[in-house]
Every structure is written in C-alpha cells, then in structure tokens.
Amino acid sequence: MGDPTAAASWLERNVVECLPKGGLALLLSTVAKEGRPLRVKLGIDPTAPDIHLGFSVVLGKLREFQELGHTVVLIIGDWTAKVGDPSGRSGSRPQLSSEEIEANAETFAAQAKLVLLEEQLEIRRNGEWLDMPLEKLFEILRTTTVAQVTDRDDISKRLKEGSPVSVLELLYPILQGYDSVAVSADVELGGTDQHFNLLLGRDLQRAFGQPEQIAMELPILTGTDGVKKMSKSIGNYIGVTESPAEIYGKTMSIPDTALEEWCRLLLDVSLDGSIGPRDAKRALASALVERFHGEGTGIAAQADFDSRFIENELPTDATAFEFAGDGEGMVHVPALVAAAYGVSRSEARRNIEEGAIRLNGERMEGLDHSAETLAGGVLQRGKKRDARLLVLGNSSQSA
RNA sequence: GGGGGGAUGUCCGAGUGGUUAAAGGAGACGGGCUGUAAACCCGUUGGCUCUGCCUACGCAGGUUCGAAUCCUGCUCCCCCCA
C-alpha cells in the first residue's frame, strides 16, 4: 500500500464523502515525503455508556488508518458533552452530570481499545484545552459568524419553526472545530450527520493558521428496527460488549431491508445472493458474535439460538431465582413474576392472562400455585425473555 | 421593560365542570402466523391486598354535590415587540 492513490481509494471504501475531493491522496503523498504518519481525529461524546455497532463502523475505519501506519487521535469530548451536539436534533439534549460523563468516558476509552491498536492511539480529553480562560474563548468565537453556525439545516429549521435554540448549541461546532486545532488533525472522521461540524473544523484550522483537515464522512448504520439510525437513546442498538446470545438474537431480529447494509458496513462484504435472507442473516449474526467474543462463539450462539427458538426447547442458561412460599406452601404467581422480572404485579397479572408466562414450557393458569409444583421449574415470560430457574428458598417472603 | 402562548399518561396529542384511569396516534409489551424478519390479525399498556380500592392531567391552595376542565398564588418553558 505504498502508493498514496491506491491507499486513498482503499480508505475511501464505504465512505459517503471525503472532502475536499482528491485531498486524501494528496495528503498521503505529502506525509509520505515528510516521513510522518497522519493524525486522524475522531471525537466522541461520552453521553452514552456503551459503544454500539454503529459506532464500530467508524472505529473500523480508524483501524484501517492504523494498519497503514497512521496515528489515531481519539478525543473524548468530556467538555463538549456539557454543551451538547445539536446535530440532527430537533430539541436540546438533556444535561449529564460530570460524574456520568466521567464514567462514560472511562468505558468508552476501554471499549475503543477493543477495535483500535493501542500503539498508534492517542486518547485525549478536550477538557485539556477547552477548560480555558474566557479571553481565549473569545478569541476562538471571533473566528466564526452567527450566519455560519445558523446556516446548517437542523438549526435553521428549528429557528424557522420557532423552536428554541440555545446559544450553547451554536457554540458546539466551534468548540469541536477547535479540537482539530488543538490536536493538529490531518483528517477527521465522523458520521454523515457530522458534515457541518467536520467542515467547520477546517475553517477553525484555517483561522488559526493550520493546514485544513480532510473531512471523511461515514455512513450511519441503521438500527435493529431497520428504520432509524442506531442509537442508544432510541434503544435499537447492539452494544459491542453485549453477550453472544444478545448479539446473535438482536441481529436475527433486524429486518431484511437492513441486511445488505449491515453486511457491507460491518463485515465489509457484499450480501451473498446465493443464499436466502434467513441464512445470510444467520451468517451475519454468527460473524458479529465471533468478532466481539472470539472464535467459536458464533457457532455456539447459533446452536443455542436454534434450540431455543426453532426447536422451542427450554433454555439451558436460566438464571436462578430464589423464591419462598407464603407459609401455607402457596405462591402468588403475579408476585413471583414481578419479583423475578422486575415488573409491577399488575403487569405480571396481565402477562398471565395473555398466556405469556410459562412454567417448563407450559402456559401457567391461575394466580396461586403450590411451592412444590414450582420448585425446580423453569419460568419464562414471553418467548424472548430470559428464563428463571426457580429455587425454593427459605426466606420468609418472596422478595 | 411590555404583550401573547403553553405545561395532560413512555412520547405526541384530544379533552374546557359530571360514567374520564382520561379520545386518537406512535412506541412498547403479549398472543397468532413466520425465518425471534417484514406484512398482517388479536389483545394489553398507572398501581394495588382487583367484581373493589388508591394515585394521576406543572406545584400549592380555593369554589363546587362533583374539576384535567372555574378562581388565586407560585414554578418552569416558548414566541413577539422594545
């Protein structure tokens, strides 16, 4: 991969836009001559505790840069998280406490290392430079006009329809742009929703007399619902640290329409048209489990899944749940279900009426059962729910 | 500083004195069908010691036989003018 043009086109696989056009190849040949690696920046907001598959698409691209010998600068936006990115938002973000941000930052750094090579990785917090005197902030803010920051779609739309836009939100892209100045970024990656922010980074760099970074925009992965972008807050995500069963199961539940995209973006392969969507999905799910849990885990997850959902066998991995009778040796099932699954008794009662509660695969009827018939049984709530192995305890009441 | 608008269940959003636990939609959950897909159909969606009781329509009072709906005060939010 010594040829800059070849390297650039390899890196631009699956990339939606890389601006300015042809800039990456040019830059690669320049740094090759200078004999230095590129500094490739990615900023992440520690607003959610887990890295999900959508984010792993961007991380995967960073990894490719590393494989060509370049340096990744991962910026944990502990300070900008206090501002809140307005990108693609229709309203302001909820505020997080410093403690939450700090905790998220920790796990982010740890999880990012699952994908990235540590030797060529620089992890920074933007509080390092954004915790600045007001005077310095003024200097930065002077570089950008109101028209620039209100020009972007989402903000102008909100202004037009009379929705609130706080001054703080307008600051966000400017501060993110200054991150690029602070770390002297050569390239910045981001999702397509980062278009504006990535380009404003170039403006900031120019204002501070630096060469302008390449803006590389990656596609945004669709979530498990097949409609919206994968996001923690929507709940349609798969976390990279989730269990094999979760990763496998959630992948199987994606709509067929998302299958092609997932294969391309996550596995870097095109969809195998010779097999049916069901089998393609099985292969995808299995491969994803292997990626995050290691060799052999995909097959195991598949076998487990098949026996549980296709052959309808009782799950073998039921977590134990200790319960107690009421002294007469009877157990009030709604209370049991409520305690076992952390739902209200009313909901548990409804579940029983709906036939969602099973004991050893059989639907439960009636609200009270004797402790003996329940002991040692496998309790299930809905088909997808974790099972509970009921263990008769001797505590006075069932939790 | 002035004027106007608003706060309803997970979310959106009806409702302006009386069967209102609160229309409708979304989402979610459960069931059926299936490939745990989609589509489709059915049901559920505040809590509980459940033929009943309790709690709920920003907060606190008040009027009334009866209030989410009327009155008073407060808090928060938005818009416009200056």
Side-chain angles (χ1 to χ4, degrees), chain A residues 89-95 157-169 222-228 231-238 242-263 271-272 275-286 288-289 301-315 317 326-328 330-358 361-368 379-387 397-398:
Chain A
R89 288 256 152 184
S90 48
S92 304
R93 291 206 173 207
Q95 270 194 13
K157 195 170 148 217
R158 279 163 61 187
L159 286 172
K160 232 171 258 160
E161 67 190 19
S163 302
V165 176
S166 81
V167 174
L168 205 55
E169 289 180 87
T222 304
T224 52
D225 58 1
V227 181
K228 299 185 188 120
S231 126
K232 172 87 181 173
S233 56
I234 299 172
N236 59 354
Y237 72 102
I238 299 179
E242 290 192 62
S243 71
E246 286 293 319
I247 294 178
Y248 192 94
K250 284 186 179 181
T251 304
M252 288 304 284
S253 77
I254 66 169
D256 292 357
T257 50
L259 197 50
E260 189 276 330
E261 182 192 314
W262 279 46
C263 285
L271 181 60
D272 185 351
I275 55 177
R278 189 193 73 116
D279 292 320
K281 207 183 284 180
R282 280 159 62 89
L284 168 69
S286 182
L288 289 177
V289 172
Q302 186 162 82
D304 184 59
F305 179 88
D306 288 351
S307 83
R308 184 147 164 193
F309 294 107
I310 297 179
E311 289 149 40
N312 258 320
E313 283 172 17
L314 283 176
D317 59 344
D326 61 0
E328 313 272 304
M330 295 301 285
V331 172
H332 191 56
V333 180
L336 176 70
V337 171
Y341 291 98
V343 298
S344 74
R345 290 190 184 191
S346 296
E347 186 168 352
R349 197 173 288 113
R350 271 180 238 126
N351 284 147
I352 294 167
E353 285 164 15
E354 290 165 346
I357 305 298
R358 288 163 208 261
E362 298 289 321
R363 280 188 179 158
M364 295 195 80
E365 283 177 35
L367 299 184
D368 296 279
L379 185 74
Q380 285 171 284
R381 172 169 173 263
K383 287 181 178 172
K384 303 177 192 180
R385 307 286 187 163
D386 292 338
Q397 279 291 324
S398 56

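So you know, we letter chains A, B, ... as the sequences are listed, proteins then strands, and number each from 1.
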(request) State, yes or no, whether a side-chain contact exists between A:D306 and A:R282 at a heavy-atom distance under 4.5 Å. (result) yes
(request) Please tell me which of A:M252 and A:D225 maps to the more 5' nucleotide of RNA chain B, matching each residue to the nucleotide holding its nearest heavy atom. (result) A:D225
(message) Would you measure the distance from the P atom in B:A56 across to the matching atom in B:G9 and give it in whole Å?
(response) 13 Å
(message) Using every non-hydrogen atom in the two residues, find where A:P334 and A:L367 come nearest and quote the distance to one decimal.
(response) CD-O, 3.5 Å
(request) Take atom CZ of A:R381 and atom C1' of B:U45, then tell me their distance rounded to the nearest Å. (result) 12 Å
(request) Can you tell me, in whole Å, how much space there is between the P of B:A68 and that of B:A22? (result) 13 Å
(message) Judged by each residue's nearest nucleotide on RNA chain B, which is more toward the 5′ side, A:G249 or A:N351?
(response) A:N351
(request) Using a 4.5 Å cut-off on heavy atoms from C-beta on, say whether the side chain of A:R350 contacts that of A:S346. (result) yes
(request) Taking atom C1' in both B:U63 and B:U10, compute the distance separating them and give it to the nearest angstrom. (result) 34 Å
(request) Could you tell me whether the side chain of A:N236 reaches within less than 4.5 Å of the side chain of A:T224, counting heavy atoms only? (result) yes
(message) Nearest whole Å is fine: how far is B:G35 P from A:K250 NZ?
(response) 24 Å
(request) Counting Watson-Crick and G-U wobble pairs only, both distances under 3.5 Å, name the nucleotide matched with B:C40, or none. (result) B:G32
(message) My understanding is that a pair needs two contacts under 3.5 Å, Watson-Crick or G-U wobble. By that rule, which nucleotide pairs with B:G1?
(response) B:C81
(request) Scan every strand shown for a Watson-Crick or G-U wobble partner of B:A22, both distances under 3.5 Å, and answer none if you come up empty. (result) none
(message) With a 3.5 Å cut-off and heavy atoms only, can you find an N or O donor on one side and an acceptor on the other between the side chain of A:D256 and the base of B:G35?
(response) yes
(request) Among the candidates B:G30, B:A37, B:C48, find the nucleotide nearest to the side-chain atoms of A:E354. (result) B:G30
(request) Under a 3.5 Å limit for both distances, which nucleotide forms a Watson-Crick or G-U wobble pair with B:G58, could you say? (result) B:C74
(message) Partner lookup for B:U45, please. Criteria are Watson-Crick or G-U wobble with both distances under 3.5 angstrom; report none if nothing qualifies.
(response) B:G27
(message) So A:V337 and A:E347, do their side chains get closer than 4.5 Å, heavy atoms only?
(response) no
(message) Rounded to whole Å, how long is the line connecting atom CZ of A:R358 with atom P of B:G30?
(response) 11 Å
(message) Within the 4.0 Å heavy-atom criterion, would you say A:I254 contacts the bases, only the backbone, or no part of the nucleic acid?
(response) sugar-phosphate
(request) Rounded to whole angstrom, note down the C1' distance from B:G18 over to B:U69. (result) 11 Å
(request) Please measure how far the C1' atom in B:G6 lies from the corresponding atom in B:U16, and state the result in whole Å. (result) 15 Å
(message) Rounding to an integer number of Å, can you tell me how far A:I357 CD1 sits from B:G43 C1'?
(response) 15 Å
(request) May I ask you to evaluate whether A:R350 reaches the phosphate of B:A28, defined as a side-chain N or O under 4.0 Å from OP1 or OP2? (result) no
(message) Does B:C48 have its OP1 or OP2 closer than 4.0 Å to a side-chain nitrogen or oxygen of A:S344?
(response) yes
(request) Take the protein atom CD1 of A:I352 and the nucleotide atom C1' of B:C29, then report the distance between them rounded to whole Å. (result) 15 Å
(message) Nearest to the side chain of A:S346, heavy atoms from C-beta on, is which of B:C48, B:U44, B:G35?
(response) B:C48
(message) For the C1' atoms, the ones on B:C53 and on B:C42, what distance do you get once it is rounded to whole angstrom?
(response) 30 Å
(message) Give me the distance, rounded to whole Å, that separates B:C76 from B:G58 when you measure between the C1' atoms they each carry.
(response) 8 Å
(message) For a 4.5 angstrom cut-off between non-hydrogen side-chain atoms, does A:S286 reach A:Y248?
(response) yes
(message) What is the distance, to the nearest angstrom, from the CG atom on A:N236 to the C1' atom on B:A37?
(response) 16 Å
(message) Under 3.5 Å for both donor-acceptor distances, Watson-Crick or wobble: does B:U51 have a partner, and if so which one?
(response) none
(request) Spell out, as yes or no, whether a donor-acceptor pair under 3.5 Å connects the side chain of A:R358 to the backbone of A:Q380. (result) no
(request) Consider the side chain of A:R363, meaning its heavy atoms from C-beta on, and name the nucleotide among B:C48, B:A37, B:G32 that approaches it most closely. (result) B:G32
(message) With rounding to the closest Å, how many angstrom separate the P atoms on B:U72 and B:A23?
(response) 30 Å
(request) Can you tell me the distance, in whole Å, between the CG atom of A:L367 and the C1' atom of B:U49? (result) 13 Å
(message) Rounding to an integer number of Å, can you tell me how far A:E347 CD sits from B:G46 P?
(response) 10 Å
